[in-house]
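Structure first, commentary second.
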Amino acid sequence: MAEKKMGLHTIKLKNPPSILSTATIVGPKEGEGPLKDYFDIVLEDDLFGEKSWEKAESKMLREAVRLAMNKINLSPDQVDYFFAGDLLNQIISSSFAARELGIPFFGLYGACSTLTEAMSLAAMMVDGGFADITIAATSSHFSSAERQFRFPLEHGNQRPPTSQWTVTGAGAVVLGREGKGPYVTYITTGRVVDFGIKDANNMGAAMAPAAADTILRHLKDTGFTAADYDLIMTGDLAKIGREIAADIIKQNGYDITTKFTDAGIEIFDLTTQDVHSGGSGCGCSASVFGGYIYKQLINGNLNRIMIISTGALLSPTSTQQGESIPGIAHAITIERSLEK
Amino acid sequence: MEKRKENEIKNIYQQMVQKKVPQSSLIKDAIFAFVVGGLICDVGQFFMNLFLSFGISKDDVGYYVATVMVFLGAFLTGLGVYDNIGKYAGAGSIVPITGFANSIVSPAMEYKREGYIFGVGSKMFVIAGPILVYGISSSIIVGIIYYLVKVLAR
């Protein structure tokens with residue numbers, strides 16, 4: 001078996017890369033939510049001085065990456081690889097950001113799971129000795145996602161209670177071979193799981209089995225239990241999806257309920273912010289992890305956590321053609337220090 | 001055999017999801033739709049009475065009212081108000097002619113950034129298109145039936 005492989009689909013990094021810095025930029029609505037004090041930049045105008053939502057989203061991603069580099073005085077030349085993805089067709093936010101940044105670029109699409117997909121690959125790249133410094137970044141924008149996946153913004157329609165609100169946000173994470181932590185230590189890569197949910201307004205339910213599958217495989221592969229983690233955070237099953245995933249995991253003999261939260265629940269106040277089931281989008285787990293969670297790791301409130309970004313791999317075309325919604329979830333373990 | 005088991009698991013899962021999913025509050029939604037839809041009709045009635053008092057004939061007054069209501073729907077869409085009404089009223093603000101205006105003006109606004117030809121021009125009827133296609137088609141079919149009935153009844 002491969003040296004770093006563990007169990008079925010988990011790897012244990014032998015030279016765990018350190019997270020050197022993170023940066024987050026969010027929109028005005030996210031800036032009114034419970035995590036408002038943890039974001040680096042809260043935009044007053046969600047067009048960010050640009051002429052279109054797409055341009056604004058790409059700028060958010062680009063500026064988040066620049067900010068994360070500036071925090072540790074890094075120049076783009078010192079970064080070996082840039083892994084990024086977003087929700088738009090042909091991932092234009094990411095590739096247009098990469099056009100300005102000039103860092104060798106791997107474009108990824110994992111829908112809302114892209115953050116941990118990018119972080120997994122960025123971490124493996126460093127661990128494998130292929131890179132000294134890598135960056136993982138993702139973005140999403142409510143308005144650009146709405147027009148691509150749903151209706152024009154000014155169209156007067158009703159959302160069902162299961163629907164989720166796409167987060168306007170971008171987050172960047174810089175990983176390096178040498179650093180003081182927190183470290184990426186384990187990676188469990190997701191399988192595409194589809195239990196036949198067809199309702200594009202209920203993506204939490206479509207993704208919950210994938211999240212449960214990845215978490216269960218991770219726990220089986222590593223031998224960990226909920227007690228080994230301070231926090232297990234999916235991003236973004238939202239309220240309904242989280243409950244379903246917790247139930248499936250419980251049925252399989254693991255109880256993680258007390259440690260289990262979701263980025264889509266954390267980022268908004270579900271009772272006052274009119275987001276129905278909670279937040280979604282690549283920018284959701286990126287801004288919650290890069291803003292809130294990272295700071296909790298740095299100041300010692302959290303020691304070992306698992307982040308599982310979850311993606312619904314649908315397109316408007318697949319929905320119209322009657323396809324069900326496949327889900328995917330990638331898990332990574334992050335530890336504050338390596339002596340444990 | 002494999003396929004059957006797979007479908008069984010999917011069915012069990014979908015039942016599990018059904019139990020978890022909160023249902024839209026039908027009564028509350030229906031009341032909102034009724035009240036807002038009714039108010040929109042009141043506004044229409046107000047303009048109808050107004051135009052009738054100006055001496056416009058009963059046969060023509062419908063055109064005047066429709067024009068005003070379409071303008072109002074488009075205007076409120078432009079101000080960014082109509083989508084907020086729709087959030088609460090649902091069908092109450094979609095079904096009246098103001099909703100039709102909203103369904104044309106909102107994509108026209110949204111897709112302006114893609115230019116006037118491929119943006120506004122081609123996306124304008126992205127929501128209203130099906131309504132027009134099937135509305136016009138069914139009116140033709142009904143017209144033909146009406147004609148045949150008339151001919152046969154003669």
Side-chain angles (χ1 to χ4, degrees), chain A residues 47 50-56 143-144 146-148 150-163 193-199 201-210 212-213 237-248 250-251 270 274 276-277 316 320 324-327, chain B residues 6-25 29 32-33 36 73-74 76-96 98-114 119 123-124 126-128:
Chain A
L47 265 176
E50 292 291 325
K51 286 203 176 82
S52 74
W53 309 119
E54 287 77 8
K55 288 189 169 111
S143 303
S144 65
E146 277 296 290
R147 78 202 302 258
Q148 181 176 306
R150 291 185 79 246
F151 289 111
L153 285 181
E154 298 301 334
H155 186 249
N157 55 60
Q158 259 175 343
R159 298 160 163 274
T162 49
S163 69
V193 177
D194 188 340
F195 274 25
I197 298 293
K198 288 188 176 177
D199 181 3
N201 277 316
N202 192 3
M203 292 201 293
M207 298 187 288
D213 178 62
L237 298 175
K239 190 162 155 269
I240 296 156
R242 180 199 163 271
E243 279 174 30
I244 297 170
D247 281 359
I248 300 175
K250 208 170 192 172
Q251 282 165 15
L270 300 191
D274 192 32
H276 298 264
S277 192
Q320 281 165 4
S324 54
I325 305 169
Chain B
E6 204 183 296
N7 284 333
E8 218 169 86
I9 295 172
K10 281 185 182 176
N11 278 334
I12 293 170
Y13 181 66
Q14 279 159 25
Q15 281 163 13
M16 180 178 160
V17 170
Q18 271 311 315
K19 273 185 221 146
K20 286 271 176 204
V21 167
Q23 298 301 318
S24 300
S25 160
D29 288 353
F32 265 120
V36 177
L76 291 177
T77 304
L79 291 181
V81 174
Y82 207 87
D83 61 319
N84 291 325
I85 300 174
K87 204 157 73 183
Y88 297 102
S93 61
I94 287 178
V95 175
T98 47
F100 183 68
N102 171 252
S103 75
I104 293 173
V105 175
S106 59
M109 287 165 68
E110 182 72 60
Y111 295 104
K112 202 176 144 233
R113 284 166 186 144
E114 279 79 32
K123 295 277 177 65
M124 195 179 220
V126 79
I127 302 167

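Residue numbers begin at 1 in each chain, while the letters A, B, ... track the order of the sequences.
Taken to the nearest 0.5 Å, the CG atom of Asn84(B) stands 8.0 Å off from the CD atom of Glu154(A). Considering CD of Gln158(A) and CG of Asp29(B), their distance stands at 5.0 Å, rounded to 0.5 Å. Phe195(A) CZ to Asn11(B) CG: the interatomic distance, rounded to the nearest 0.5 Å, is 11.5 Å.
Proximity to chain A is limited to the backbone of Tyr88(B), based on heavy atoms less than 4.5 angstrom apart. Neither the backbone nor the side chain of Lys239(A) comes within contact range of chain B; no heavy atom of the residue lies under 4.5 Å from a heavy atom of that chain. Of the two parts of Ser52(A), the backbone and the side chain both hold a non-hydrogen atom closer than 4.5 Å to a non-hydrogen atom of chain B. Looking at Ala89(B), only its backbone comes within 4.5 Å of chain A, counting heavy atoms on both sides. Within the 4.5 angstrom heavy-atom criterion, only side-chain atoms of Ile240(A), from C-beta onward, approach chain B. Neither the backbone nor the side chain of Ile85(B) has a heavy atom closer than 4.5 Å to any heavy atom of chain A.
Salt bridge status for Glu114(B) with Arg147(A): present, with a side-chain N to carboxylate O gap under 4.0 Å.
Under the 4.5 Å side-chain criterion, counting only non-hydrogen atoms from C-beta, Ser106(B) is not in contact with Leu153(A). With a 4.5 Å cut-off on side-chain heavy atoms, Lys20(B) and Asp247(A) count as touching. Using a 4.5 Å cut-off on side-chain heavy atoms (C-beta onward), Pro152(A) and Asp83(B) make no contact. Side chains of Tyr13(B) and Ile244(A) form a contact here, defined as non-hydrogen atoms less than 4.5 Å apart. Using a 4.5 Å heavy-atom threshold, the side chains of Ile248(A) and Met16(B) count as touching. Annotation: side chain of Trp53(A) is in contact with side chain of Glu110(B) (closest heavy-atom distance under 4.5 Å). A 4.5 Å side-chain heavy-atom check between Asp274(A) and Lys87(B) finds at least one atom pair inside the cut-off.
The two residues Asn102(B) and Gly156(A) make their nearest non-hydrogen contact at OD1-N, 2.9 Å. Nearest heavy atoms, Pro22(B) versus Pro161(A): O-CG, 3.3 Å. Here the closest heavy-atom approach between residue Asn157(A) and residue Ile94(B) is recorded as CA-CD1, 4.4 Å.
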